[in-house]
Number of protein chains: 2
Amino acid sequence: MVKTAFRDVRESMRRKILDGEWAPGELIPNEAVLAEHFGCARATVNRAMRELADEGLVERKRKAGTRVRQTPRRRAQFDIPIVRREIEARGQRYRYALVERAVSAPPDWLRARMGLGPEGRVIHVTATHYADGNPYQYEDRWINLAELPAAETADFTASGPTEWLIATVPFSDAEISFSATAADAELARHLGCAPGDPLFLSERSTWWQGGAITYVRLVFQRGHRMTTRY
Amino acid sequence: MVKTAFRDVRESMRRKILDGEWAPGELIPNEAVLAEHFGCARATVNRAMRELADEGLVERKRKAGTRVRQTPRRRAQFDIPIVRREIEARGQRYRYALVERAVSAPPDWLRARMGLGPEGRVIHVTATHYADGNPYQYEDRWINLAELPAAETADFTASGPTEWLIATVPFSDAEISFSATAADAELARHLGCAPGDPLFLSERSTWWQGGAITYVRLVFQRGHRMTTRY
DNA sequence: CAGTGGTCTAGACCACCCA
DNA sequence: GGGTGGTCTAGACCACTGC
């Protein structure tokens, strides 16, 4: 086993908080005192406490000391899956089908969204992702050719733009949002649902080294749920 | 300024990865070498590297060393807001209105969802949250009276069950999920939208010390978006 | 001003796990 | 078996900030 002193200390402190021994708002003994209490070095207490602070359970300030948060911060964390892996991880067969691909000038709403200038061209790719033969997700993607000229010659017939981007752009910042929309005629056709059906969707804008790379709208089959624990 | 050696080292390493100097899949020099390279202690490199690993940018294994991830793990993190604060943070006026409150035996679907036995009672509270006078969120909450008998005498007329729970239960584990649904007649009435409108919703089940505490369904006004960066 | 947390160091031990 | 990361320690310096 790896040494676990800091975990033990952390969990021990967590218990004191959860059990109310250290009440919300209360000042916790300082690191030196705790180190002696737990029979370890101050650095060990520091690491344990830092993790509790990262979690949002306590709040630390120099001189003022460490306090139990009145309201523990609540955060949820999601893994953003690649649709192929998401489907295959559930033991289903993945299939990809390109719907359309076109190069054009960016529409106004996209220029606003990605912060593009009036010049420039984008490639627009739409595709459907299937799980066991059933439509699972409809992808509507725009790629900024000014930043990624190679996208113009990329082949999106066999695999999707997501996988091409992942292989091409090593890493990126992104803004992601989730919402609900009603299926229009086109979505209904591609997803095999009824027009008007409520659909869960995810939108993502991605930047790399300050430049806008891509915007994608992923609409899921009706009934889709995104779940996590925290 | 606080000392920033580990941050400098971390960002320096991040750049090497983002710029491709350390390519995906590639083995990174070991900690001892890096410590010498950066002119710092190995512990400093270790902390920097550990944070990159937490981020999902690199993968570490004893003996095998540290590698740049082929596909950086993509994670999104959301703060789960308390609706009152969410609204007030946007400078809008918050108003709460209790719709109904009733004590009963748990319906079957709830028993399944929360893992409740056939015995026991639950309190069911529905309420609407308003921003600047407009319906913002409809809350449909169930609280397990076996775990939280005090809920039966709690007053939910002035403020919502969420705030009562936060003040009562110090901390908890939760499972949260997001999806889309169509407004039924009741939702349409409470949210002031049309029946059939696509609505974004969040569901959360909460446990405390192994016991199921509460299940809540929060349905947002149409057009709602949940956004984050990563 | 002085107490507290934030950080760094040099050294050490060892669990893990690939070769 | 041996190299690598994981962790701990004891000590140190200091930025920050409440008093």
Side-chain angles (χ1 to χ4, degrees), chain A residues 1-17 21-73, chain B residues 1-17 21-73:
Chain A
M1 271 299 287
V2 191
K3 284 192 180 180
T4 55
F6 86 90
R7 293 172 212 277
D8 291 343
V9 171
R10 184 189 63 201
E11 294 314 310
S12 174
M13 295 195 297
R14 191 201 302 281
R15 280 258 61 83
K16 286 180 196 290
I17 294 170
E21 184 176 334
W22 289 343
E26 189 177 325
L27 197 61
I28 289 175
N30 72 38
E31 293 190 347
V33 171
L34 288 172
E36 192 179 1
H37 172 60
F38 287 113
C40 66
R42 183 166 79 93
T44 303
V45 172
N46 181 274
R47 175 159 183 196
M49 202 62 100
R50 176 156 36 85
E51 297 200 353
L52 293 182
D54 286 345
E55 256 179 68
L57 217 52
V58 299
E59 200 165 12
R60 320 197 73 193
K61 268 186 208 156
R62 289 172 160 98
K63 164 70 180 175
T66 301
R67 288 180 182 282
V68 180
R69 277 202 181 233
Q70 290 286 351
T71 313
R73 190 199 315 160
Chain B
M1 269 302 286
V2 192
K3 284 194 180 180
T4 55
F6 86 89
R7 293 172 212 276
D8 290 343
V9 170
R10 184 190 61 201
E11 293 314 310
S12 174
M13 296 195 296
R14 191 202 303 281
R15 280 258 60 83
K16 286 179 195 292
I17 295 170
E21 184 176 335
W22 289 344
E26 190 177 324
L27 198 61
I28 289 174
N30 72 37
E31 293 189 346
V33 171
L34 288 172
E36 192 178 4
H37 171 61
F38 287 112
C40 66
R42 183 167 79 92
T44 304
V45 172
N46 180 274
R47 175 159 182 195
M49 202 62 101
R50 176 156 36 88
E51 297 200 355
L52 293 182
D54 286 344
E55 258 179 68
L57 217 51
V58 300
E59 200 164 12
R60 320 196 73 192
K61 267 186 208 157
R62 288 171 160 101
K63 164 70 181 172
T66 302
R67 287 181 183 281
V68 179
R69 279 200 180 235
Q70 289 287 352
T71 312
R73 190 198 316 161

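Everything quoted here is computed from the prediction, not taken from an experiment. By convention in this document, chain letters (A, B, ...) are assigned in the order of the sequence lines, proteins followed by strands, and residues within each chain are numbered from 1.
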Using whole Å, report how far [atom1] of [X] lies from [atom2] of [N].
X        : N       : atom1 : atom2 : value
Glu36(B) : dT9(C)  : CD    : P     : 14 Å
Lys63(A) : dA15(D) : NZ    : P     : 17 Å
Arg60(A) : dG18(D) : CZ    : P     : 15 Å
Glu59(A) : dG18(D) : CD    : P     : 12 Å
Arg62(A) : dC19(D) : CZ    : P     : 16 Å
Met49(A) : dC8(D)  : CE    : C1'   : 18 Å
Glu31(A) : dC13(D) : CD    : C1'   : 15 Å
Phe6(A)  : dG5(D)  : CZ    : C1'   : 13 Å

Phosphate-side-chain proximity, [X] and [N], N/O vs OP1/OP2 below 4.0 Å:
X        : N      : answer
Thr44(A) : dT9(D) : yes
Asn46(A) : dG5(C) : no
Arg7(B)  : dT7(C) : yes
Thr66(A) : dT4(C) : no

Check Glu51(A) with Arg47(A), please: is the shortest side-chain N to carboxylate O separation under 4.0 Å?
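Yes, Arg47(A) and Glu51(A) are salt-bridged.
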Of the listed nucleotides dA12(C), dC16(C), dG6(C), the one nearest the side chain of Arg42(B):
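Closest nucleotide to the Arg42(B) side chain: dA12(C).
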Among the candidates dG5(C), dA12(C), dA10(C), find the nucleotide nearest to the side-chain atoms of Ala41(B).
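The answer is dA10(C).
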Going from CE on Met13(A) to CD1 on Ile28(A), what distance comes out if it is rounded to the nearest 0.5 angstrom?
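CD1 of Ile28(A) is found 7.0 Å from CE of Met13(A).
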Could you tell me whether the side chain of Arg60(B) and the main chain of Thr66(B) form a donor-acceptor pair under 3.5 Å?
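Side chain of Arg60(B) to backbone of Thr66(B), a donor-acceptor pair under 3.5 Å: no, none is there.
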Classify the side chain of Arg47(A) versus the base of dG6(C) as yes if they form a donor-acceptor pair under 3.5 Å and no if they do not.
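Checked by distance alone, the answer is no.
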May I ask you to say what Ala64(A) touches in the nucleic acid, namely base, sugar-phosphate or nothing, with a heavy-atom cut-off under 4.0 Å?
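Sugar-phosphate, no base atom in range.
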Does Lys61(A) or Ala43(A) map to a spot on DNA chain D nearer the 5' end, using the closest nucleotide for each?
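By nearest-heavy-atom nucleotide position, the 5'-most residue is Ala43(A).
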Determine the minimum heavy-atom distance between Arg42(B) and Glu31(B), stating which atoms define it.
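Where Arg42(B) meets Glu31(B) most closely, the heavy atoms are NH1-OE1, 2.7 Å.
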Could you check if a side-chain atom of Met49(A) sits within less than 4.5 angstrom of a side-chain atom of Leu34(A), using non-hydrogen atoms only?
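Of all side-chain heavy-atom pairs linking Leu34(A) with Met49(A), at least one is under 4.5 Å.
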